[in-house]
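If you read the sequence from its start, that first residue is 1, and numbering goes on from there.
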Amino acid sequence: AAPAFAQDAHYLPDLMKNPSYRSAWANMVKGEEVPLWVNKFGGTFNATGTPVVEVPVGGETHTLAWICEPHNCGDSQIYVMFAPEARQAWGLLITGGSDRHWLGKPDDAMKAAIVSGVQ
């Protein structure tokens with residue numbers, strides 16, 4: 001079965017217009033070493049992406065989004081999972097095509113949910 005699309009936004013930049021999502025994003029990347037384009041996205045919301053999807057995790061519906069660095073999607077991308085109402089965010093940063101770095105200290109269940117969205 002195909003995942004359902006989130007009803008309140010279609011892409012991560014749309015979500016980022018909501019202060020709760022911006023705050024969850026900021027907390028996720030705080031203190032992390034991330035590429036410049038990831039830091040810039042937090043202020044400009046400029047990235048290439050696909051529509052967000054709803055993913056069940058621990059009995060709640062979370063929102064999974066994917067973006068990549070414009071013109072460099074193969075080597076620099078991030079998957080971001082938001083808890084309901086953007087209470088928290090966790091991410092999987094993929095650089096160099098295969099180097100993976102977790103953001104926001106996801107537990108094993110959250111890691112598995114995020115990886116399920118990685119193609």
Side-chain angles (χ1 to χ4, degrees):
F5 291 103
Q7 295 178 7
D8 58 348
H10 293 99
Y11 294 87
L12 183 55
D14 299 323
L15 295 177
M16 295 292 284
K17 293 174 185 173
N18 179 311
S20 297
Y21 284 90
R22 281 196 310 274
S23 177
W25 172 277
N27 287 332
M28 178 187 72
V29 298
K30 185 178 181 179
E32 298 279 358
E33 281 191 39
V34 296
L36 181 60
W37 76 269
V38 173
N39 281 327
K40 282 186 177 181
F41 174 78
T44 67
F45 316 141
N46 182 27
T48 300
T50 57
V52 300
V53 293
E54 293 179 347
V55 178
V57 182
E60 293 185 301
T61 301
H62 290 60
T63 302
L64 180 63
W66 174 86
I67 58 169
C68 67
E69 180 180 19
H71 309 293
N72 193 23
C73 286
D75 284 334
S76 200
Q77 52 190 299
I78 187 170
Y79 290 82
V80 182
M81 183 78 79
F82 290 96
E85 298 159 8
R87 294 186 314 258
Q88 189 172 354
W90 306 268
L92 173 57
L93 176 65
I94 303 173
T95 57
S98 62
D99 293 332
R100 294 177 175 214
H101 178 74
W102 292 103
L103 305 170
K105 298 178 177 62
D107 63 18
D108 289 340
M110 189 57 61
K111 286 179 181 179
I114 293 170
V115 168
S116 74
V118 177
Q119 297 153 6

A.B. asks: Give the minimum heavy-atom separation between Y79 and I94, together with the two atoms involved.
C.D. replies: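 The pair with the smallest heavy-atom distance is CE1-CD1, 4.0 Å.
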A.B. asks: Could you check if a side-chain atom of R87 sits within less than 4.5 angstrom of a side-chain atom of E60, using non-hydrogen atoms only?
C.D. replies: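 Yes, at least one pair of side-chain atoms sits under 4.5 Å.
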A.B. asks: How long is the gap from CH2 on W102 to CD on E32, to the nearest 0.5 Å?
C.D. replies: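 Going from CH2 on W102 over to CD on E32, the span is 12.5 Å.
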A.B. asks: Search all heavy atoms of T63 against all heavy atoms of Y21 and return the closest pair with its distance.
C.D. replies: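 That would be OG1-OH, 4.4 Å.
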A.B. asks: Between T44 (side chain only) and K40 (backbone N and O only), is there a donor and an acceptor less than 3.5 Å apart?
C.D. replies: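 The answer is yes, because a donor-acceptor pair under 3.5 Å joins these two groups.
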A.B. asks: Just wondering, do L12 and F41 contact through their side chains at under 4.5 Å, heavy atoms?
C.D. replies: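 Result yes, sub-4.5 Å side-chain heavy-atom pair found.
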A.B. asks: What are the two closest non-hydrogen atoms of G49 and Y11, and how far apart are they?
C.D. replies: O-CE2, 3.8 Å
A.B. asks: To the nearest 0.5 Å, what is the distance between CG (L92) and NZ (K111)?
C.D. replies: 9.5 Å
A.B. asks: Identify the two heavy atoms, one from W90 and one from M28, that lie closest to each other, and give their separation to 0.1 Å.
C.D. replies: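 Shortest heavy-atom contact: C-SD, 3.4 Å.
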A.B. asks: Looking only at heavy atoms, which two atoms of P70 and A47 are closest? And how far apart?
C.D. replies: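 It is CG-CA, 3.9 Å.
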A.B. asks: Measure the shortest side-chain to side-chain distance between W25 and V38 over non-hydrogen atoms and say whether it is less than 4.5 angstrom.
C.D. replies: yes
A.B. asks: Looking only at non-hydrogen atoms, find the nearest pair between M81 and H62 and report the distance.
C.D. replies: SD-CB, 3.5 Å
A.B. asks: Any donor and acceptor pair, going by atom type alone, linking the side chain of N27 with main-chain N or O of A24 inside 3.5 Å?
C.D. replies: no
A.B. asks: How many angstroms lie between atom OG1 of T95 and atom CZ of R100, to the nearest 0.5 angstrom?
C.D. replies: 11.0 Å
A.B. asks: Would you check if L103 and I78 make a side-chain contact, meaning some heavy-atom pair closer than 4.5 Å?
C.D. replies: yes
A.B. asks: Measure the OG-CD distance between S23 and Q88 for me, rounded to the nearest 0.5 Å.
C.D. replies: 11.0 Å
A.B. asks: Can you check whether L93 reaches P35 side chain to side chain, under 4.5 Å on heavy atoms?
C.D. replies: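 A side-chain contact exists here, since the closest heavy-atom pair is under 4.5 Å.
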